[in-house]
Amino acid sequence: MKTLKDIKPGQRTVVTRLHGEGPVKRRIMDMGITKGTEILVRKVAPLGDPMELNVRGYELSVRKGDAEMIEVQ
């Protein structure tokens, strides 16, 4: 299983599944990250947390723990 955390800066990917449950999953979906969404990983902080993403035309920062719950192609 490949997650968003495994994607390198400059690469694009598509969300295939969201893991997690309840409020955590809802928060990820509220940020616009849903199945089929294309994501561009813009930058990753030196220690890997957070990741800066481009989702649906806007900038978004995601913690490493949240990125592990986003399964991608």
Side-chain angles (χ1 to χ4, degrees):
M1 177 178 81
K2 191 165 147 185
T3 65
L4 186 58
K5 190 185 101 174
D6 303 322
I7 306 300
K8 303 289 182 228
Q11 293 183 321
R12 291 184 184 273
T13 190
V14 176
V15 177
T16 56
R17 185 171 178 209
L18 294 176
H19 297 277
E21 54 189 56
V24 176
K25 186 174 182 179
R26 171 47 74 202
R27 186 169 45 86
I28 291 171
M29 291 174 70
D30 287 345
M31 289 188 281
I33 300 173
T34 56
K35 184 177 178 180
T37 303
E38 184 177 287
I39 296 176
L40 167 67
V41 177
R42 292 183 37 109
K43 294 185 233 171
V44 177
L47 297 176
D49 203 14
M51 301 175 74
E52 186 177 306
L53 312 174
N54 191 311
V55 180
R56 299 180 189 253
Y58 66 92
E59 303 298 316
L60 178 67
S61 291
V62 175
R63 292 186 303 234
K64 190 167 35 176
D66 293 341
E68 290 174 336
M69 291 189 268
I70 304 168
E71 189 175 327
V72 297
Q73 289 181 350

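Just so it is clear, the model here is predicted, and its values are computed rather than measured. Scope of the values below: all heavy atoms of this structure, side chains included, with no hydrogens, waters or symmetry mates.
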Just jot down the side-chain hydrogen bond (donor to acceptor under 3.5 Å, both in side chains) partners of [X], sequence neighbours excluded, or say none.
X	answer
Arg27	Asp66
Thr34	Thr37, Arg56
Thr16	none
Arg26	Asp30

Using the test side chain to side chain contact (heavy atoms under 4.5 Å, CB included), find all partners of Lys2 that sit at least two apart in sequence or belong to another chain.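 If we apply the side chain to side chain contact (heavy atoms under 4.5 Å, CB included) test to Lys2, skipping adjacent residues, the hits are Asp6, Ile7, Val72.
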
Quick one: pull up NZ in Lys5 and CD in Glu68 and give me the separation to the nearest 0.5 Å.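 It comes to 4.0 Å.
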
Nearest 0.5 Å, what's the CD1-CG distance between Ile39 and Asn54?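 Ile39 CD1 to Asn54 CG: 10.0 Å, rounded to 0.5 Å.
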
Verify side-chain contact (heavy atoms from CB on, under 4.5 Å) between Leu60 and Ile33, making sure each step is shown before the conclusion. CA-CA 10 Å; Leu60 178 67; Ile33 300 173; 3.8 Å; yes

Taking Val14 as the starting point, is it possible to reach Leu40 by hopping between hydrophobic residues whose side chains are less than 4.5 Å apart?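 No, because Leu40 and Val14 fall into different hydrophobic clusters, even though each may have its own neighbours under 4.5 Å.
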
Could you walk me through whether Val15 and Leu4 pass the side-chain contact (heavy atoms from CB on, under 4.5 Å) test, one step at a time? CA-CA 8 Å; Val15 177; Leu4 186 58; over 6 Å; no

Below 4.5 Å, heavy atoms only, C-beta onward: do Val41 and Leu53 meet side chain to side chain?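 The answer is yes; the side chains approach within 4.5 Å.
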
Taking salt bridge (charged side-chain N to carboxylate O under 4.0 Å, His left out) as the cut-off, I'd like each qualifying pair that reaches into residues 12-25, sequence neighbours left out, listed once.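 For residues 12-25: Arg12-Glu38.
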
Do you know the tightest heavy-atom contact between Pro9 and Val44?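 Looking at all heavy atoms of both residues, the closest pair is CG-CG2, 3.9 Å.
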
So which atom in Leu18 and which in Met29 form the shortest heavy-atom distance, rounded to 0.1 Å?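 Nearest pair, atom of Leu18 first, then Met29: CD1-CG, 3.4 Å.
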
